[in-house]
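The next block holds one structure in the form of structure tokens; read it before the comments.
Ligands are counted one by one from 1 in listed order, and the atoms in each one are counted from 1 as well.
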Amino acid sequence: MRTVFWDYDTHYLRMIDQRLLPFETAVPEYDTYQAVAEAIRDMVVRGAPAIGAAAAFGMALAARQSRAADRLALLRDLEEAARVLEAARPTAVNLAWAVRRQLRVATDESLESADDVRAALLAEAQRLADEDVALNRRMGFHGAELVADGDTILHHCNTGALATVDWGTALGVIFAAHEQGKRIHVLVDETRPRLQGARLTAWELQQRGIPFDLIADNAAGHFMRRGEVNLVLVGSDRTAANGDVANKIGTYQLGVLARENGVPFYPVVPTSTIDLDLATGDLIPIEERPMDEVLRIIDLGIAPLGITARNPAFDVTPHRYVTGIVTEAGIVYPPFAKNLRAAVARAREIKWE
Ligand code: MRU
């Protein structure tokens, strides 16, 4: 089952509720763009490509909700929906990328009526979702060449089928290497505060029968220093034009530790996550989430009542720590400023159908 999909029987969006995994599987229905925005904010759906797809379908829902009879009135309603969806989470650029892609469809002069626009938005959301699966497969194929038989790979957060429409980015590389018959072992960072590693990545690896051990985030340096890690693979929520990589909080320290210990560090990044408009990672907006996520684990308080906490959801790893960046257009090496731009241009030429 895909993480995010359109139900063609009910004509509503359905998404796996990732807050409940691994203990419960629920796939609720969404019938308004406002509910989709809330689901993104509340992390029912999370992971940069998955929230991009959710937002694309959210725009299709917004078009159906609108009572506008003509194209111009519909466009005004869609611009409001775009604003609400884009504001749901600030760091992953896939959200704005998907919403803008839908606005471009909505302004296509060849569409004659409001109903034509409604149909085109649903078709485009479906295309975006299908492309996500296809390009993840291709990234997996490119990235698997970095993995040798017998490797131990350190992985952070969740970048698998659940973080995308299906398959995954960094975890997709691991799945591809496993599929090729390479014997690999994964060290899974638990990824505090929301435990995407412990809850989601461990679940996905277990389902596929890939050997792994869950580790506390602060054990990563220990294993790298002892020579027990061959490769670090992570995702990204936004990669700047110079190759600085924003990803789940804790990624920066992995990049530094990997460099210190001579371990290759590769983010796996669809080109939809590359923001060529931002020169460096310092310009990437970093989401701060509620302090309760740090003060509690699931429903259990773990700190004295009445204290405060800080909860940045992402950090930026400067490009000097990045060995290479796996994209659907191949693996990109420094100088990133030049080579990422070329990879984005190459990716635009790929035909997915
Ligand atoms: O806060 P989350 O769970 O949405 O963060 C997800 C990540 O940081 C992933 O590494 C990133 O989205 C890329 S994975 C496809």
Side-chain angles (χ1 to χ4, degrees), residues 2-4 15-19 21 39-55 88-98 129 131-133 135-140 143 154-175 188-204 217 232-239 245-255 265-275 281 284-290 293-294 311-317 322 325-328:
R2 288 185 173 189
T3 300
V4 177
M15 301 193 282
I16 297 176
D17 188 339
Q18 302 192 34
R19 299 167 307 178
L21 288 171
I40 293 171
R41 211 174 2 258
D42 211 24
M43 294 176 69
V44 169
V45 60
R46 33 70 46 204
I51 64 179
R89 291 191 79 188
T91 302
V93 74
N94 303 61
L95 191 52
W97 167 83
E131 278 174 17
D132 183 65
V133 183
L135 70 84
N136 285 335
R137 281 282 188 166
R138 191 180 288 222
M139 284 198 301
L154 189 108
H155 176 272
H156 195 59
C157 194
N158 172 267
T159 66
L162 292 166
T164 57
V165 176
D166 203 354
W167 193 253
T169 61
L171 214 47
V173 170
I174 290 170
F175 296 159
V188 176
D189 271 359
E190 60 177 351
T191 319
R192 271 285 283 153
R194 287 193 62 120
L195 298 172
Q196 290 94 327
R199 294 189 304 106
L200 307 176
T201 298
W203 185 71
E204 288 197 45
D217 297 328
V232 178
L233 292 176
V234 296
S236 171
D237 285 80
R238 194 184 300 226
T239 292
V245 174
N247 190 48
K248 178 52 53 198
I249 192 73
T251 303
Y252 169 45
Q253 61 205 32
L254 294 180
F265 175 88
Y266 284 88
V268 183
V269 182
T271 54
S272 55
T273 306
I274 298 170
D275 188 346
I284 297 175
I286 299 294
E287 175 183 15
E288 282 239 14
R289 293 193 55 87
E293 293 181 352
V294 173
N311 187 14
F314 302 96
D315 59 26
V316 173
T317 304
V322 175
I325 297 177
V326 180
T327 74
E328 72 272 27

List, pair by pair, the atoms of ligand 1 and of the protein that are both N or O and lie under 3.5 Å apart, giving the separation rounded to 0.1 Å.
from, atom 1, to, atom 2, distance (Å)
ligand 1, 1 (O), Arg89, NH1, 3.4
ligand 1, 1 (O), Arg89, NH2, 2.9
ligand 1, 1 (O), Lys248, NZ, 2.7
ligand 1, 3 (O), Arg46, NE, 2.8
ligand 1, 3 (O), Arg46, NH2, 3.2
ligand 1, 3 (O), Gln196, NE2, 2.8
ligand 1, 4 (O), Gly47, N, 2.9
ligand 1, 4 (O), Arg89, NH1, 2.8
ligand 1, 8 (O), Asp237, OD1, 2.9
ligand 1, 8 (O), Asn247, OD1, 3.1
ligand 1, 8 (O), Lys248, N, 3.3
ligand 1, 10 (O), Asn247, OD1, 2.6
ligand 1, 12 (O), Ala48, N, 2.8
ligand 1, 12 (O), Asp237, OD1, 3.2
ligand 1, 12 (O), Asp237, OD2, 3.1

Quick one: list whatever passes side-chain hydrogen bond (donor to acceptor under 3.5 Å, both in side chains) with Asp217, sequence neighbours left out. none
Would you sort out whether Asn247 and Ser236 count as a side-chain hydrogen bond (donor to acceptor under 3.5 Å, both in side chains), showing the intermediate values? CA-CA 5 Å; Asn247 190 48; Ser236 171; 5.5 Å; no
Salt bridge (charged side-chain N to carboxylate O under 4.0 Å, His left out) contacts touching residues 39-51 (sequence neighbours left out): Arg19-Asp42, Glu38-Arg41
Ignoring hydrogens and angles, tell me if any N or O in the side chain of Asp315 forms a donor-acceptor pair with the backbone of Gly250 under 3.5 Å. yes
Please step through salt bridge (Lys or Arg N to Asp or Glu O under 4.0 Å) for the pair Arg138 and Glu328, ending with a clear verdict. CA-CA 6 Å; Arg138 191 180 288 222; Glu328 72 272 27; over 6 Å; no
Can you list everything that forms a ring-ring contact (aromatic ring centres under 6.0 Å, His included) with Tyr252? Sequence neighbours excluded, please. none
